[in-house]
Amino acid sequence: FYTGLGIARSLGERGIRVIGLSAHRGVYGNFTRYADVRSCPDSREDPEGLLKFLARLGEEIQGLAVIYPTRDDDVLFLDRFRAQLGSRFIPMVPSTPALMACLDKWETYQLAKQTGIPAPPTWKAENLSDLLRILVEVQYPCVLKPLSAHYWRKADNWERVGGRKAICVSSPEELRQEYERVAVADPRVLVQQVVAGGDDHLAVAACYMDRASRLAASFTAQKVLQVPEGFGTGCIVQTADRPELVRAAARLLEELRYTGIAEVEFKWDSSLHQYLLIEINPRPWFQHRLGHACGVDLIHVSYC
């Protein structure tokens, strides 16, 4: 898809050999001239099969190769099998503790509090009793999220939650109704106060942290349009100069002893007049090619 296609272009344009791994036939990225695309098992559906595939591929390559994830399932796969893959591949993922702190939105929120980075008021519920306890504390509108995004994408969970990665809720009654629906997929959820402001108030600090967890390269960008509105995927995103976000993101990532590529998302709260932390994405994401356009290609930096 577009994340992998962007990686292939960033490296292939520089003459670096790229092997693209795809579990989906007919996807547009499979036809890029910048990668030798191979059909392989899916990291979500058949991780053991993918591990065997990579063992054979590693023998063919006959040397170390950097391997990039393009979604959370790939990140979890590389973390789970990093010991088995280590003789042939350099997985572009941070250490396990840093990774789990990014994927678990509650841990991310606790990290923000610990490092003094502003974040929206947030509550965690692991069952209905927890939810009933926090109903009186929650401020509305709020957003209902999975504790970790990949929980809602396992098996047929995506259909159970209505194909939504986050759900805006306007009342205690609605919150309970939506919780009972998504709890069938996973009872662990995060409830977070909605940050005032439109989609163009969303901004990201894109960072590469070196092996000593020091900021080596970064750029910042602002969303213009996302689909669906409010809690969707950025379809129009532009570079924007937000150095204060880089400083905040670097503090968070240094605290985590993070290494590799990270996208740290913030939203400008128009009532508080400050940026609030939304999430940390521990891998290449949809719009990473913006870095190439403004002279900070994090894919190439990380490869080097």
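For clarity, every value in this text was computed on a predicted model and none was experimentally measured.
- Val195 and Trp268 get closest at one heavy-atom pair: CG1-O, 4.0 Å.
- With Tyr275 as the partner, the side-chain hydrogen bond (donor to acceptor under 3.5 Å, both in side chains) test is satisfied by one option alone out of Glu244, Arg242, Glu265: Arg242.
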Chi angles and distances behind the side chain to side chain contact (heavy atoms under 4.5 Å, CB included) call for Glu126, Leu131: CA-CA 8 Å; Glu126 296 188 343; Leu131 187 81; over 6 Å; no
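- Taking the ring axis of Tyr151 as reference, the NZ or CZ atom of Arg188 stays within 45° of it and closer than 6.0 Å to the ring centre.
- With Ser148 contributing its side chain and Leu103 its backbone, the two residues share a donor-acceptor pair below 3.5 Å.
- Rounding to the nearest 0.5 angstrom, the gap separating the NZ atom in Lys105 from the CG atom in Leu190 is 8.0 Å.
- With contacts defined as side-chain heavy-atom distances shorter than 4.5 Å, the pair Ile134/Lys124 does not qualify.
- When every heavy atom of Trp158 is checked against every heavy atom of Arg153, the shortest pair comes out as CH2-NH2, 3.4 Å.
- In this structure, Leu54 and Leu21 have side chains that are in contact, with non-hydrogen atoms separated by less than 4.5 Å.
- The cluster map of Ile, Leu, Val, Met, Phe, Trp and Tyr, joined by side-chain heavy atoms under 4.5 Å apart, puts Val301 and Val204 in different clusters.
- Using a 3.5 Å distance cut-off with no hydrogens or angles, the side chains of Thr122 and Gln192 do pair a donor with an acceptor.
- Atom CG of Asn30 is separated from atom CZ of Arg38 by 13.0 Å, given to the nearest 0.5 angstrom.
- Note on Ile236 and Leu202: separate hydrophobic clusters, where clusters join Ile, Leu, Val, Met, Phe, Trp and Tyr whose side-chain heavy atoms are under 4.5 Å apart, directly or indirectly.
- Nearest heavy-atom pair across Thr108 and Cys102 is OG1-O, 3.3 Å.
- Residues Arg88 and Ile67 are not in side-chain contact: their nearest non-hydrogen atoms beyond the backbone lie 4.5 Å or more apart.
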Residues Tyr179, Leu132; criterion side chain to side chain contact (heavy atoms under 4.5 Å, CB included); working and verdict: CA-CA 10 Å; Tyr179 175 79; Leu132 295 176; over 6 Å; no
From CA spacing to verdict: side chain to side chain contact (heavy atoms under 4.5 Å, CB included), Leu144, Leu175: CA-CA 8 Å; Leu144 182 66; Leu175 178 56; 4.1 Å; yes
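- Contact check for Leu50 versus Cys40: side-chain heavy atoms found under the 4.5 Å cut-off.
- Inter-residue side-chain proximity for Lys145 and Glu279 is flagged as unmet; no heavy-atom pair is nearer than 4.5 Å.
- To the nearest 0.5 Å, atom OG of residue Ser95 and atom CE of residue Met100 are 9.5 Å apart.
- Residues His150 and Asp72 approach most closely at CB-CB, 4.2 Å, considering heavy atoms.
- Interatomic distance, CD1 of Ile117 versus CD of Gln274, reported as 10.5 Å (0.5 Å rounding).
- Residues Arg82 and Thr96 meet the side-chain proximity criterion, which asks for heavy atoms closer than 4.5 Å.
- Between Arg251 and Glu255, none of the side-chain N atoms (NZ, or NE/NH1/NH2) sits under 4.0 Å from a carboxylate O, so this pair counts as no salt bridge.
- The aromatic rings of Tyr28 and Tyr2 sit parallel to each other, their planes meeting at less than 30°, with 60° as the upper class boundary.
- Phe89 approaches Leu64 most closely through the heavy-atom pair N-CD2, 3.9 Å.
- Note that CG of Leu245 is 6.5 Å distant from OG1 of Thr220, once rounded to the nearest 0.5 Å.
- Using a 4.5 Å cut-off on side-chain heavy atoms (C-beta onward), Val18 and Ile7 make no contact.
- Taking the six-membered ring where the residue is Trp, Trp285 and His288 present perpendicular rings, their angle passing 60° and hence far from 30°.
- Looking at every heavy atom in both residues, Ala212 comes nearest to Asp210 through N-OD1, 2.9 Å.
- Between the CZ atom in Arg176 and the OG atom in Ser171 there is a gap of 12.5 Å [rounded to 0.5 Å].
- With no hydrogens or angles considered, a side-chain donor-acceptor pair links Asp74 and Ser43 at under 3.5 Å.
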Worked verdict on Val66 versus Leu11 for side chain to side chain contact (heavy atoms under 4.5 Å, CB included): CA-CA 11 Å; Val66 182; Leu11 300 178; over 6 Å; no
Worked check of salt bridge (Lys or Arg N to Asp or Glu O under 4.0 Å) between Arg71 and Asp42: CA-CA 11 Å; Arg71 60 178 185 173; Asp42 187 280; 2.6 Å; yes
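- Under 4.0 Å is where a charged nitrogen must lie from a carboxylate oxygen, and between Arg80 and Glu48 at least one such pair does.
- Between the side chain of Lys267 and the main chain of Ile278, no donor-acceptor pair closer than 3.5 Å is present.
- Contact check for Pro146 versus Asp186: no side-chain heavy atoms found under the 4.5 Å cut-off.
- Side chains of Tyr68 and Ser302: a donor on one and an acceptor on the other come within 3.5 Å.
- With 3.5 Å as the limit, one finds no donor-acceptor pair spanning the side chains of Tyr303 and Arg14.
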